[in-house]
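Worksheet for the structure shown next.
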Number of protein chains: 2
Amino acid sequence: MSEARPDLLPPEAVRHVRDTCLCLAAQRAARRLARRFDAALRPLGLTNGQFSLMVALNQPEPPAIGRLAPFLGMDPSTLTAAVKPLARRGLLIVEPDPKDRRSRRLRITPEGVALMRQAVEVWRATHRELEAALGGERTQALRGGLAAVDRT
Amino acid sequence: MSEARPDLLPPEAVRHVRDTCLCLAAQRAARRLARRFDAALRPLGLTNGQFSLMVALNQPEPPAIGRLAPFLGMDPSTLTAAVKPLARRGLLIVEPDPKDRRSRRLRITPEGVALMRQAVEVWRATHRELEAALGGERTQALRGGLAAVDRT
DNA sequence: CCGTATTCTTTTGATATCAAACAATCATGT
DNA sequence: ACATGATTGTTTGATATCAAAAGAATACGG
């Protein structure tokens with residue numbers, strides 16, 4: 001007796017993945033939200049990821065790559081790449097840490113602050129609309145669920 | 001009287017974005033989940049995104065790009081690019097739709113089905129672990145929240 | 001049948017993403 | 001001071017991502 005070799009996977013397996021996979025659902029939702037915020041921030045020439053990175057630079061001590069990467073949930077090498085267009089535009093400066101010359105600190109420039117002042121307003125409006133569309137309860141459930149993933 | 005031009009954004013604005021931005025939280029969680037599933041699927045040479053795409057091909061009628069893109073929440077042009085490495089490996093075949101020659105249908109190959117049979121098992125185990133780490137309640141809240149974003 | 005608008009997909013160009021390998025620096029013990 | 005191992009970033013190579021524009025084919029109105 002040979003094993004069956006159907007042309008396709010069992011339909012119930014396909015349905016199971018489609019309806020329950022949190023990874024797929026998260027990628028879908030992340031893409032959708034990214035497009036929404038990208039569109040809103042486009043007049044300022046920022047993407048949602050650049051916005052998040054720039055927000056994180058507003059600390060008394062310019063943060064190092066190594067501290068920023070976990071905060072953004074990304075690989076340090078991704079951050080290295082993401083910094084380049086922003087540095088090119090003069091929105092931040094990469095400066096070596098005098099205390100530890102391996103470390104690079106990302107300092108926001110006055111131009112960066114000026115742009116971010118506008119960007120934060122755009123973010124506020126966009127996020128307000130998003131929360132309105134989701135509803136308060138869904139918003140809290142989603143926020144809690146996403147935070148739980150981070151603690152995984 | 002001139003406006004104040006501090007070096008940084010107001011700390012409360014920074015905190016507000018950091019603690020409430022659903023876009024940032026979604027990107028973070030999506031990256032984390034992607035890495036987890038990528039690692040689990042790596043022995044099979046698949047990424048989480050390739051897995052999701054391949055699962056979706058298991059339909060009697062090979063789906064067209066235009067139908068798949070919304071399902072995966074991505075731009076059609078992204079899908080066009082994503083198909084190439086999979087087609088190169090012979091896991092799927094791009095075939096023109098005889099009814100509408102603008103449309104391209106993605107047909108999973110027997111090799112694709114064979115690989116996916118293993119991949120679904122990996123997915124099952126990985127997802128079981130994830131749900132265990134999240135807890136049933138968090139899992140449902142997250143799933144509901146992500147679905148709500150899709151309906152936005 | 002013809003012309004035009006619409007639909008479906010691809011290309012292009014820029015950025016994003018990660019793993020793996022590498023380079024530079026620091027820290028520690030001797 | 002030195003050797004060794006750990007830490008911090010970057011580079012490389014492959015894939016992923018989108019918007020805008022362009023190409024190909026269909027649909028629709030006249």
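Side chains included, hydrogens not; waters and symmetry mates left out as well; all remaining heavy atoms used. What you see is a predicted model, and the numbers here were worked out from it, not measured in a lab. First the proteins, then the strands, lettered A, B, ... as listed; each starts at 1.
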Problem set entry | Pairwise distance CD(Gln27(B)) to CG(Leu22(B)) - rounded to 0.5 angstrom | 11.0 Å

Problem set entry | Closest to the Ala82(A) side chain, choosing from dA16(D), dA19(C), dA16(C) | dA16(C)

Exercise. Would a distance-only check, ignoring hydrogens and angles, find a side-chain to backbone donor-acceptor pair under 3.5 Å from Asp38(B) to Asn48(B)?
Worked result: yes

For this session: When you get a sec, tell me which of dT17(C), dA24(D), dT10(D) is the closest nucleotide to the side chain of Thr80(A)?
Result: dT10(D)

For this session: Look at Ser103(A) and dG9(D) and indicate whether a side-chain polar atom (N or O) is within less than 4.0 Å of OP1 or OP2.
Result: yes

Problem set entry | Phosphate OP1/OP2 of dT15(C) contacted by Arg88(A) side-chain N/O (<4.0 Å) | yes

Exercise. How many Å lie between CD on Gln50(A) and P on dA19(D), as a whole number?
Worked result: 14 Å

Exercise. What's the shortest heavy-atom distance between Leu9(B) and Val113(A), and which atoms?
Worked result: CD2-O, 3.9 Å

For this session: Would you mind reading off the distance between Arg28(B) atom CZ and dT17(C) atom P, rounded to a whole angstrom?
Result: 13 Å

Problem set entry | 5' precedence on DNA chain D between Met74(B) and Val94(A) (nearest-nucleotide basis) | Val94(A)

Seminar exercise, completed: Pro85(A) has its side chain closest, among dT9(C), dT15(C), dT17(C), to dT15(C)

Exercise. Between Phe37(B) and His127(B), what is the ring plane arrangement, given parallel below 30°, perpendicular above 60°, and tilted in between?
Worked result: tilted

Exercise. Rounded to the nearest Å, what distance is computed from the CG atom of residue Leu79(A) to the C1' atom of nucleotide dT17(C)?
Worked result: 12 Å

Exercise. When you check the phosphate oxygens OP1 and OP2 of dT17(C), does a side-chain N or O of Gln27(B) lie under 4.0 Å from one of them?
Worked result: no

Exercise. Salt bridge between Arg124(B) and Glu121(B), side-chain N to carboxylate O under 4.0 Å?
Worked result: yes

Seminar exercise, completed: Whole-Å distance, Asp75(A) CG to dT7(D) C1', equals 15 Å

Problem set entry | Arg102(B), nearest nucleotide to its side chain (from dA16(C), dA20(D), dT26(D)) | dT26(D)

Exercise. Separation of Asp100(A) atom CG from dG9(D) atom P, in whole Å?
Worked result: 8 Å

For this session: Starting at CG of Leu24(B), measure out to CZ of Arg18(B) and round the result to the nearest 0.5 Å.
Result: 10.5 Å

Exercise. Picking from dT15(C), dC18(C), dT17(D), which would you name as closest to the side chain of Thr78(A)?
Worked result: dC18(C)

Exercise. What does Gly49(B) touch in the nucleic acid at a heavy-atom separation under 4.0 angstrom: a base, only the sugar-phosphate, or nothing?
Worked result: nothing

For this session: Under 4.0 Å between any heavy atoms, over every strand shown, what does Ala34(B) touch: base, sugar-phosphate, or nothing? Just pick one.
Result: nothing

Exercise. Closer to the 5' end of DNA chain D via nearest nucleotide, is it Pro98(B) or Ala39(A)?
Worked result: Ala39(A)

Problem set entry | side-chain N/O Arg104(B) vs dC8(C) OP1/OP2, d < 4.0 Å | no

Exercise. Ignoring hydrogens and angles, are the base of dA19(D) and the side chain of Ser77(B) linked by a donor-acceptor pair under 3.5 Å?
Worked result: yes

For this session: Report the distance from atom NZ of Lys99(A) to atom C1' of dA24(C), rounded to the nearest whole Å.
Result: 20 Å

Exercise. Taking atom C1' of dT17(D) as reference, at what distance in whole Å does atom CZ of Arg32(A) sit?
Worked result: 15 Å

Problem set entry | For atom CZ of Arg101(B) and atom C1' of dT10(C), their distance in whole Å | 17 Å

